[in-house]
Structures are given as C-alpha cells and as structure tokens.
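Down below is the structure, laid out as structure tokens.
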There are 2 protein chains.
Amino acid sequence: MKLVEAKEKFIQLWGALGSSWGINRTMAQIHALLLISQKPLSTEEIMENLSVSRGNVNMNIRELMNWNLVSKELIPGERREFFSAEKDIWEVAKRIARERKRREIQPLIQSLEQLQVIEETKKNPEAQAFLSTVAQIQHVVSKMDHAVDTMIKAEEHQLFGLLVKLLK
Amino acid sequence: MKLVEAKEKFIQLWGALGSSWGINRTMAQIHALLLISQKPLSTEEIMENLSVSRGNVNMNIRELMNWNLVSKELIPGERREFFSAEKDIWEVAKRIARERKRREIQPLIQSLEQLQVIEETKKNPEAQAFLSTVAQIQHVVSKMDHAVDTMIKAEEHQLFGLLVKLLK
DNA sequence: TTAAACTTTCAGAAATAATTGAAAATATAG
DNA sequence: CTATATTTTCAATTATTTCTGAAAGTTTAA
C-alpha cells in the first residue's frame, strides 16, 4: 500500500470510529487529516482534501478547537488562518476524556441527583426499587468519573514517553 | 416529584444519554423501562409505555438481547413473550464494555495493523511520522483494551456489593 | 477610507438514521 | 389439520442530523 492510500484509509477509519461514538464524521475526519499532516493546513486545503464545503470545515474546526484538539496557527506573512492538531495521542485521549466528562458525565450526575427527590415513602417497595437502581447508577457513574480523573492525571509509562520523543 | 414522573424522566435521560454515545434512543429507552420495571414486560406493554410501534420494539429488543442486557422470560400459562433487563448496574456496565470492545475496539486494532504495511521506506520522514502516529494510537488503544479487560474481571468493592444486596 | 481577502453564519437541501405498519412467517391451542 | 395468536420482516415514510453555498460580516493592506 502507498502512503497516500494509507493516509486516506486512516481518515476514513477515524471518521467511522467517530460516528459510532457520537462524533460527527466530518469532524473526526478533519481531526484525522490534521493528525497526520506534517504542517498546519488552511481551510482551503482541508476543503480540497476532504471534498467538503467551506461552511462545514469552519463549523467543525471551531468545534475541534472547543474540544482542545486543534489550534489556530499564525504563519508569519500569511493572511489566512492555519490549523494544526495536538499530535501526542495520549494527550488527545486525555482531552477527549476530559471533555466528555464535562459535557456528559457531570450533567448526568446532576440529573440523577434530582430523580431521587420523590414523594413516595421508602416503605413503598416500588419506590425503594427505583431509588436503589438510581443509586447504583450514581455509584457506577461516579466510579467512572473518578477513573477518568485518574487517567487524566496519569502520565504515560516512561518507556512509552521516551519512545514517542525518539520518534517525534 | 411523583414516582411515575421520576420514572418518566429517567427513561428520557437514559434515552438522551444513549443518543450521545451512538446508541439509538428507543433502544436506550426500552432498556431504561425494563431496568426500572419490577416485572417482565410484554411487547404490547413496552409499545404502550413508550408510544412506539411493534416493529420498533421488536427490533430494539432483539438488539438489546444481542448486547446481553435483556433476556426473554417465559411466563407459565402465557403465550406471549416477556422481557426483563439485567438489574445489577455493575454487570450492565461490564456487558456494555465487553460488547463495545468486541464490536469496535477489536476491529480498530485490526485496521490499524493493516495501515502499517506501506511501501515507502522508513527513511522517508513523512512515512516515519505517519507510522509513529499510528503506532501511538495502537499503543493507547491497546492500553484501553486492557483497562476494559481489567474492569470486566474486577468485582465491585465489597461494601458496594453488600449495599446492593441489602437494598435488593 | 476603500477594496480585496478571508471568515462566519444559517436557511434550505441532501444524506442518514429511525420508525411505522401491514403483510408474511411462525407458533400454539383446540 | 385449521384457526388464531403472536412475532418478524422490510419497503415506504418520517424524523434527525449534517452539509452546502451564498450573503453578511470582519480584517487587513494600501
């Protein structure tokens, strides 16, 4: 397989993966493209490379910046904006985890809290069972929340960090 | 808030959560309904409760059974089929993790493998950078894969297990 | 200033995903 | 068997999400 083909396949793969985890396909593809690009790319270049419209690139790039996965690069002497992605994959994973935690886990924890304020007494077995289920979910979710915190704080094993540095 | 309201809200919440993680809303709602139902429910009952069609219930129940989250219950003297959900939330989490691993992580690992067979030599810096990115992703993905394995094997902390037993 | 270069917005169009509902298939009771 | 209850399938419809493209907005250079 040629490198260009492999890159193309990588972009498709990343896009499909995003889809099945609730992330818009084009957003994931732009991310993939920037991940494997040696230099920052302009909106124009992204449009051409992925055959998508200017508006689409603009919206998804903004969203990628909200996720802290992509940043604007100012190139001296260039008027246009260029974009590049965080290349350290461990860092990428941490940022995605951090963002999903903020956007989904934390609101979930809040919502579950509210479900527990019900009028029926705990002597009502139906109410008791419901509260027990909600409490179990809260417990498991907060465990995952903590696990994500641990992961975010954790550094990769030295060997891997070293390897990355050598290859970069 | 009344119990019925809380149950309704819970079903909506679970449905919305599913949506944002790539799981069809109705499937998640059926799961929620069965989670908080004291007794197994028939297709008819699920249809009424969620205002969805027979075909829809049938397809999503089948998918929930594929995920090992719901099982068919045979009720003596009843001709219709009834369904109930696994109630232990830690077990639910493990089964979802197991299934996503099987469906998405493992194919991903395979696909990444194939991207590494490229014609360009490793002396080509572009090829080198690409291979390094793919290798990093492989590394992080396999770490997560192992983390999921660990989670699947892990038992919940005794205290929690005890608590659950007391409340059940 | 002014005008060209570039970015952003967003209503409508297109693509994708989910749902319906009725017909076909299957299972069970008599 | 035959009739009836129940489940399954799937083409057509509906709902949802994503994308386009052109107009409006903004920035910069001269």
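Hydrogens, waters and symmetry mates play no part in the numbers below; they use all other heavy atoms, side chains included. Proteins get letters first, then strands, A, B, ... in listed order; numbering begins at 1 in each.
- Contacts of E48(B) classified as side chain to side chain contact (heavy atoms under 4.5 Å, CB included), with partners at least two apart in sequence or in another chain: E44(B).
- Distance CZ (R62(A)) to C1' (dT9(C)): 8 Å, rounded to an integer number of Å.
- At whole-Å resolution of the value, CD in E45(A) and P in dT7(C) are 11 Å apart.
- Interatomic distance, D145(B) CG to Q138(B) CD, rounded to the nearest 0.5 Å: 12.0 Å.
- Of all heavy-atom pairs between F83(B) and L34(B), the closest is O-CD2, 3.4 Å.
- For the residue pair S20(B) and R100(A), the shortest heavy atom distance occurs at O-NH2, 2.6 Å.
- Shown here for M1(A) and Q114(B), the closest heavy-atom pair between the two residues is CE-O, 3.3 Å.
- Counting only heavy atoms from C-beta outward, the side chains of Q136(A) and D88(B) approach each other to under 4.5 Å.
- Under the rule for a side chain to side chain contact (heavy atoms under 4.5 Å, CB included), the partners of T26(B) that lie at least two apart in sequence or sit in another chain are N24(B), I30(B), V52(B), N56(B), N60(B).
- Counting only N and O atoms by type, the side chains of Q106(B) and Q110(B) include no donor and acceptor under 3.5 Å apart.
- Sorted by first and then second residue, the salt bridge (Lys or Arg N to Asp or Glu O under 4.0 Å) pairs involving residues 25-34 of chain A (not counting sequence neighbours) form an empty list.
- Rounding to whole angstrom units, CG of residue L41(B) and P of dT6(D) are separated by 16 Å.
- Interatomic distance, E78(A) CD to E73(A) CD, rounded to the nearest 0.5 Å: 12.5 Å.
- Between the CG atom of N58(B) and the C1' atom of dT20(C) there is a distance of 13 Å, given to the nearest Å.
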Protein N or O to nucleotides 11-14 of chain C N or O, pairs below 3.5 Å:
none

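- To the nearest angstrom, P of dT17(D) lies 20 Å from CH2 of W21(A).
- Rounded to an integer number of Å, the gap from CD1 of I75(B) to C1' of dT6(D) is 15 Å.
- Contact check for V134(B) versus I36(A): no side-chain heavy atoms found under the 4.5 Å cut-off.
- At whole-Å resolution of the value, CD in E63(B) and C1' in dT9(D) are 15 Å apart.
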All N/O contacts under 3.5 Å from nucleotides 18-23 of chain D to the protein, with atom names and distances to one decimal?
| from | atom 1 | to | atom 2 | distance (Å) |
| --- | --- | --- | --- | --- |
| dC19(D) | OP1 | T26(A) | OG1 | 2.3 |
| dC19(D) | OP2 | N24(A) | ND2 | 3.1 |
| dC19(D) | OP2 | T26(A) | OG1 | 3.3 |
| dC19(D) | OP2 | N56(A) | OD1 | 3.4 |
| dC19(D) | O5' | N56(A) | ND2 | 3.3 |
| dT20(D) | OP2 | S53(A) | N | 2.7 |
| dT20(D) | OP2 | S53(A) | OG | 3.0 |
| dT20(D) | OP2 | N56(A) | ND2 | 3.1 |

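- When the P atom of dC6(C) is taken as reference, atom NZ of K72(A) falls 14 Å away, rounded to whole Å.
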Hey, what are the protein-to-nucleotides 25-30 of chain C N/O distances that come in under 3.5 Å?
| from | atom 1 | to | atom 2 | distance (Å) |
| --- | --- | --- | --- | --- |
| dA27(C) | N3 | R79(B) | NH2 | 3.1 |

